[in-house]
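Reading through the structure tokens given below for one structure.
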Amino acid sequence: MGILVDESSRVLVQGITGREGSFHTRRCMEYGTNVVAGVTPGRGGMLFEDSVPVYDTVQQAAAETHPNVALHFVPSPFAADAIAEAAGAGIATVISISEGIPVSDTVRIVRYIKDKGVTLIGPNCPGVISPGARCKVGIMPGSIHIPGRVGVVSRSGTLTYEAVSQLTGLGIGQSTCVGVGGDPVSGSSFVDILRLFQDDPETDGVVLIGEIGGTREQEAAEYIRSDFTKPVASLIVG
């Protein structure tokens, strides 16, 4: 159900033993996400929460646990290399929560993963959640989401939560909620996510939250006008 993450997602967490990584990994697991491995260099061999094996490298973790999604809590100076490591290990979807990554690093890594067919969400984003699949890969509060057939995509994390909270309050459930991130350069655009929602039979309409700055909202408007067939409710703020 939904896009990008679902019941079949096998999640690897980069930076699983750090403060943010460990806190949010626990919340993801409590929600029902299948976390199969973690990576922290120098911590290989330990168990996180007595059940999730931790490895020194993504290559080792991928060979033994076969993840298809990487969740990324890595300090900004090392973040681009960590994304490249996940992509190089054959992980199809990488979700980067890390903020403060230099734009030059993001440009470099976006070019690198494009040749590998990897989907990058973020950086500087809240992640992705599919409520019907009980799969949360990110930092959003799982409790405000309910299963349904409306997709949500936003540049702002907090506005994503606000939109979801209001939808849930009205009894309108969500298929998947995606925070694409607010940095000047990101791995996935509004158009990329709208295309996935267009092809998703479990999504009947979309809420899109944009911000001032850049051309991503204009590009989304052009795509919606020409090729998107489902209802869209949009708010541009800032």
Side-chain angles (χ1 to χ4, degrees), residues 1-9 31-33 68-69 92-96 110 114 117-122 124-183 186-238:
M1 179 179 290
I3 63 172
L4 294 170
V5 302
D6 57 24
E7 298 96 334
S8 67
S9 296
Y31 191 77
T33 306
N68 54 14
V69 179
T93 302
V94 181
I95 298 171
S96 177
V110 167
K114 186 176 294 186
V118 173
T119 298
L120 172 63
I121 304 298
N124 190 19
C125 78
V128 182
I129 182 171
S130 291
R134 301 298 294 175
C135 187
K136 176 173 99 82
V137 188
I139 62 175
M140 68 290 290
S143 60
I144 65 174
H145 298 77
I146 59 173
R149 301 185 65 87
V150 172
V152 178
V153 59
S154 173
R155 282 172 66 180
S156 166
T158 52
L159 289 177
T160 305
Y161 313 153
E162 178 63 28
V164 168
S165 180
Q166 291 194 29
L167 288 170
T168 295
L170 294 168
I172 301 172
Q174 306 91 45
S175 55
T176 301
C177 304
V178 183
V180 294
D183 282 1
S186 58
S188 296
S189 67
F190 282 132
V191 174
D192 294 327
I193 303 306
L194 287 169
R195 287 194 177 112
L196 296 177
F197 280 135
Q198 173 69 22
D199 294 336
D200 178 30
E202 305 293 338
T203 298
D204 293 337
V206 172
V207 171
L208 185 152
I209 310 292
E211 295 179 333
I212 301 301
T215 61
R216 281 180 283 183
E217 289 74 15
Q218 290 93 327
E219 293 160 3
E222 290 294 331
Y223 172 71
I224 291 166
R225 180 166 58 185
S226 62
D227 294 314
F228 198 72
T229 62
K230 300 176 182 182
V232 178
S234 181
L235 175 67
I236 312 299
V237 299

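These numbers come from the heavy atoms of this one structure, side chains and all, not from hydrogens, waters or symmetry mates.
Put simply, the side chain of R134 never gets that close to the backbone of E7: no donor and acceptor are under 3.5 Å apart. Between the side chain of S130 and the main chain of V5, a donor-acceptor pair closer than 3.5 Å is present.
The CD1 atom of I193 lies 11.5 Å from the OG atom of S154; values are rounded to the nearest 0.5 Å. The structure places SG of C135 at 8.5 Å from CD1 of I129, a figure rounded to the nearest 0.5 Å. Note that CG of D192 and OG1 of T119 are 8.0 Å apart. Values are rounded to the nearest 0.5 Å. Here the OG1 atom belonging to T160 is positioned 8.0 Å from the NE2 atom belonging to H145, to the nearest 0.5 angstrom. From I172, atom CD1 reaches atom CG of D204 across 11.5 Å, with rounding to the nearest 0.5 Å.
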Output a table of donor-acceptor pairs, distance under 3.5 Å, between side-chain atoms of residues 206-216 and any protein atom two or more places apart or on a different chain; print 'none' if there are none.
{"from": "T215", "atom 1": "OG1", "to": "E219", "atom 2": "OE2", "distance (Å)": "2.9"}
{"from": "R216", "atom 1": "NH1", "to": "S186", "atom 2": "OG", "distance (Å)": "2.9"}
{"from": "R216", "atom 1": "NH2", "to": "D183", "atom 2": "O", "distance (Å)": "2.9"}

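Paired with Q198 under the rule side chain to side chain donor-acceptor pair (under 3.5 Å), one option of T203, T229, D227 passes, and it is T229.
Of all the heavy atoms in L194 and F228, the pair that sits closest is O-CE1, 3.2 Å. Scanning both residues, G132 and P147, for their nearest heavy atoms gives CA-CB, 3.7 Å.
Residues meeting the side-chain hydrogen bond (donor to acceptor under 3.5 Å, both in side chains) test with S8, sequence neighbours left out: D6.
Considering only heavy atoms from C-beta on, V152 stays 4.5 Å or farther from Y161 through its side chain.
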Inset, instruction - In sequence, state the C-alpha distance, the side-chain angles, and the governing distance for S9 and N68, and then conclude on side-chain contact (heavy atoms from CB on, under 4.5 Å). - result: CA-CA 6 Å; S9 296; N68 54 14; 4.2 Å; yes
